[in-house]
Amino acid sequence: MIFTAIDEIKEELLKAFNKTYPDLVLSISDFKIERPKNLDFGDLSTNISMRLAKKLKQNPISIAERISNLITNEKWVYSFVKPGFINITFSDNFIFESMLEIIRSEGSMFSFDLGHGDKVQIEFISANPTGPLNVVNARAASIGDVLAKLFTRFGFQTEKEYYINDAGNQVEILGHSIELAMKKLNGEEVEFPENSYAGEYIFEIARELKAGFDSGNEDTNQPEKIRDLGLNSILQTQKNTIEKFGLTFDNWFSEKSLYSSAKHTEALKILKQKNLIYEKDGATWIKTTDLGDSQDWVLIKSNGSYTYLLGDIAYHLNKFERGFTKAINIWGPDHQAGVSRLQAALTAFEIPRDWLEVMIIQQVNLIRNGERVKISKRKGIFETLDKLIEEVGVDAARFTFLLRTTSSHLDFDIDLAKQQVSENPVYYIQYAHARLCSIFRKALESGIEFKIDNVKLEDVINSETRDVIRKIFEYTLILKSALISREPSRITNYSMELADIFHAFYHNFRIITEDKEKTISRLGICRILQIIFKDILDLIGVSAPEHM
RNA sequence: GCGCCCGUAGCUCAAUGGAUAGAGCGUCGGACUUCGAAUCCGCAGGUUGGAGGUUCGAGUCCUCCCGGGCGCGCCA
């Protein structure tokens, strides 16, 4: 298939170069093999001769000529062209065999081993347990889930983790907020301080606890119990939402557990030994300026409590000790300032700089009736994921979140996502899948059973199917690039292009006809498309309906 | 002031440093006796914010400028 093809081609090129230019030391990373955009340039192309023209003091095109004339192969043909590209065109037979392979494997071959079992951890959402999940959490959820699946597919041992911030000051504030709400429910005059939570969900919890107390449960009137019960209640709500969103985590990691295992004191000790700690104004500081950051930060406040940074350091030390070769954090836009100081701090513990990778997901703007929805976190007026699921459904929500590059702001048009019309891309893809399923149902009704052995080369590989086949061959490359660039949007964008080409193919060429052999061969193409659409929809967590 | 992100067609956005910058929506004009019209075909629409630089080759990398979003606490 195409991946092994790329490796084989690289080997062939290296061999040919070594033979032609024995003095040259050349490695695989010195050149690239890519998919040309223009069909006329073949199936693959390489820039190798242009890259080496200077070193060899030769014209790139003459290098390309010498090399491409040197290699012969039944599976593909080398040719050279003006600026100096070497283009590779697959033989019909190679394409045909690769396509049969896809059908036989039912899609299980859309992967190859990049990770060799390396352990990768992806941590995402990790929302404070002080309120329901919001739309930025949802964006992170969609992206993290797809990335985790991609890592797994490409041979990594992947773990999804949710970090529960159950130890900080925000939890105390949550407790106080619920207490205040309970007092208010009792008819007392209360005022919610600036930093408290006062959303409707706080009152719901308060009502529940109050009811418990009224019916004789003493626990629900003690501050610490209220805090813990409230926290658990919110955490459970978050878990329910996540489940509704079709997402599972391998691990829920409690911040509190870090402190009971004294991970933070261990970290402080090491930092002290390295002379990276000092006292100022009654607080304990870390000398991150010595580690490449632009300023120093407080680890222990003058009142003795710990900052978020210290917890994060301890947490990531713990992660590192768990043996992950890479840790990826997906953070919201409000955490961008935390990246450089955490990464700087971790270098003090002999953790490689590239071990922790932090992706900052950009903001989500909800658009309703053509206008941005205003958000006020403090008043508890913000768009929850639950509400979004209720309004547009999981499929449309997930697809929309995956439609844009992670570094771009995302305008989420609720009215569009709600519509079950053609402008809504998720239905365009699902429709393609449903239509493919329908074709096979129809074929069966006409008494045609699809059998792979009856698929004929000349009926499949011809000018009619050029575009479809070409797009099919791109699929695994797209998956790989989505993984490497950490951009699941590559997959959704590809799916739209594939659907585009399929619908056009469907219109131009009738699939089920009197000609039984031709029908079966065309069904072969449809089978591959069906496999790919199913695979994509599974990957991105969107349902693949057989009827619509 | 410092940092991150963005600037590409009327709108929303694509484009692993490669060859002629692509989609969708919107506008306009076409295609249903026949496998699903939730579809397809066609027209129009661009000096990739600006100026330099690196490179055989720049929307992409570097520097500066302009415009927009966000973040810069002994909050989390």
Side-chain angles (χ1 to χ4, degrees), chain A residues 32 34-38 40-41 45-47 49-51 53-54 59-60 81-85 87 128 130 165 167-171 173 195 280-285 294-295 297-309 311-312 332-340 360 362-363 365 367 403-411 413 416 419-425 427-428 430-432 434-443 445-446 477-478 480-482 484-485 487 489-490 492-494 496-497 499-500 502-513 519 522 526 547-548:
Chain A
K32 264 191 328 193
E34 59 192 358
R35 288 290 280 180
K37 273 181 227 149
N38 191 326
D40 301 330
F41 298 134
S45 100
T46 178
N47 58 357
S49 39
M50 269 138 26
R51 292 294 299 272
K54 202 169 232 177
N59 190 341
V81 77
K82 33 172 182 169
F85 290 105
N87 295 334
N128 275 337
T130 52
N165 295 275
N169 194 33
Q170 79 282 0
V171 178
I173 296 170
N195 62 1
K280 195 180 97 185
D281 304 331
T284 305
W285 296 68
S294 56
Q295 66 178 97
W297 301 95
V298 170
L299 292 178
I300 303 175
K301 301 179 223 169
S302 53
N303 69 7
S305 63
Y306 307 138
T307 62
Y308 195 74
L309 177 61
D312 256 0
D334 47 337
H335 288 82
Q336 58 181 254
V339 180
S340 61
I360 298 289
Q362 292 299 322
Q363 188 185 328
N365 297 320
I367 312 290
L403 215 40
R404 304 292 177 231
T405 53
T406 54
S407 57
S408 294
H409 297 186
L410 173 74
D411 283 345
D413 190 328
L416 175 62
Q419 286 172 47
Q420 305 208 351
V421 295
S422 52
E423 303 97 80
N424 191 351
Y427 293 105
Y428 188 69
Q430 290 182 319
Y431 181 65
R435 181 179 250 183
L436 282 158
C437 293
S438 155
I439 290 170
F440 281 97
R441 281 194 300 270
K442 201 80 191 175
E445 278 171 29
S446 319
L477 298 177
I478 293 289
K480 187 188 171 191
S481 86
I484 293 188
S485 63
E487 284 296 357
S489 61
R490 298 257 163 95
T492 47
N493 282 305
Y494 169 84
M496 289 168 72
E497 290 165 14
D500 217 17
F502 161 61
H503 287 306
F505 177 71
Y506 175 87
H507 265 264
N508 291 335
F509 309 106
R510 212 186 151 74
I511 290 152
I512 300 167
T513 60
T519 300
R522 285 188 174 164
C526 289
H547 304 267
M548 284 178 80

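Atoms considered below: every heavy atom in the structure, side chains included; atoms not considered: hydrogens, waters and symmetry mates. In what follows, every chain begins at residue 1, and chains take the letters A, B, ... in the order their sequences are listed.
For A/K32, the side chain to side chain contact (heavy atoms under 4.5 Å, CB included) criterion is met by A/E34, A/N47, not counting sequence neighbours. When the ring-ring contact (aromatic ring centres under 6.0 Å, His included) test is applied to A/F505, the partners found at least two apart in sequence or on another chain are A/F509. Remark: A/D40 engages A/N38, A/R466 in a side chain to side chain contact (heavy atoms under 4.5 Å, CB included) (not counting sequence neighbours). Looking at residues two or more places apart in sequence or on another chain, you find no side chain to side chain donor-acceptor pair (under 3.5 Å) involving A/R510. Listed by chain and number, the residues in a side chain to side chain contact (heavy atoms under 4.5 Å, CB included) with A/E487 are A/T405, A/T406, A/S485, A/S489, A/R490 (sequence neighbours excluded). Evaluation of the side chain to side chain contact (heavy atoms under 4.5 Å, CB included) rule for A/V171 yields A/R227, A/L231 as partners, not counting sequence neighbours. Listed by chain and number, the residues in a ring-ring contact (aromatic ring centres under 6.0 Å, His included) with A/Y506 amount to none (sequence neighbours excluded). Applying the salt bridge (Lys or Arg N to Asp or Glu O under 4.0 Å) criterion to A/R404, with sequence neighbours excluded, gives no partner residue.
Classification of B/rC62 as anti follows from a glycosidic angle more than 90° from 0.
Closest to the side chain of A/H503, from the set B/rA19, B/rA14, B/rU39, is B/rU39. When each of B/rG73, B/rA23, B/rA15 is scored by its nearest atom to the side-chain atoms of A/W297, the top-ranked nucleotide is B/rG73. Considering only the side chain of A/R490, B/rA15 comes nearest among B/rC74, B/rA15, B/rC35. Of the candidate nucleotides B/rC74, B/rA37, B/rC56, B/rC56 has the atom nearest to the side chain of A/K54. Between B/rG69, B/rU34, B/rA38, one nucleotide has an atom nearer to the side chain of A/R510 than all others, and that is B/rU34. Set against B/rC74, B/rA14, B/rA19, the side chain of A/N493 has B/rA14 as its closest nucleotide.
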- Query: Can you give one letter per nucleotide of nucleotides 1-7 of chain B, going 5' to 3': B for a protein heavy atom under 4.0 Å from the base, S for sugar-phosphate only, - for none?
  - Reply: --BBSS-
- Message: As a check on the pairing definition, encode RNA chain B in dot-bracket form, counting Watson-Crick and G-U wobble pairs whose two distances are under 3.5 Å, and using | for partners outside this strand.
- Response: (((((((..((((....[...))))..((((.......))))......(((((..]....))))))))))))....
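At B/rG24, none of the side-chain N or O atoms of A/Y427 fall inside 4.0 Å of OP1 or OP2 (strictly under the cut-off). Within the structure, every side-chain polar atom (N or O) of A/T307 is placed at least 4.0 Å from both OP1 and OP2 of B/rC75. Within the structure, every side-chain polar atom (N or O) of A/R441 is placed at least 4.0 Å from both OP1 and OP2 of B/rC35. Using a 4.0 Å cut-off, no side-chain N or O of A/K280 falls inside it from OP1 or OP2 of B/rC74.
Within the model, atoms OG1 of A/T519 and CD1 of A/I511 stand 9.5 Å from one another, a figure rounded to the nearest 0.5 Å. Rounding to the nearest 0.5 angstrom, the gap separating the OG atom in A/S340 from the CD atom in A/Q295 is 8.5 Å. How far OH of A/Y428 is from NE2 of A/H503: 4.5 Å, rounded to the nearest 0.5 Å. Between atom CG of residue A/N303 and atom CG of residue A/N169 there is a gap of 8.5 Å, rounded to the nearest 0.5 Å.
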Measure all distances between protein nitrogen or oxygen atoms and nitrogen or oxygen atoms of nucleotides 57-61 of chain B, and list the pairs falling under 3.5 Å.
none

Polar atoms only, N or O, under 3.5 Å: list the protein pairs with nucleotides 46-50 of chain B and their distances.
none

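Here A/M496 lies out of heavy-atom contact (under 4.0 Å) with every strand. Contacts of A/N38 with the nucleic acid, taken as non-hydrogen atoms under 4.0 Å apart, include base atoms. Among the atoms of the strands shown, base atoms are found under 4.0 Å from some heavy atom of A/V81.
Not a single donor-acceptor contact under 3.5 angstrom links the side-chain atoms of A/S489 to the base of B/rA14.
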- Which is it for A/T307 and A/K301 under the side-chain contact (heavy atoms from CB on, under 4.5 Å) test, yes or no, and what are the steps along the way? CA-CA 7 Å; A/T307 62; A/K301 301 179 223 169; 4.0 Å; yes
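Here, B/rG7 and B/rC28 have their P atoms 30 Å apart, quoted to the whole Å.
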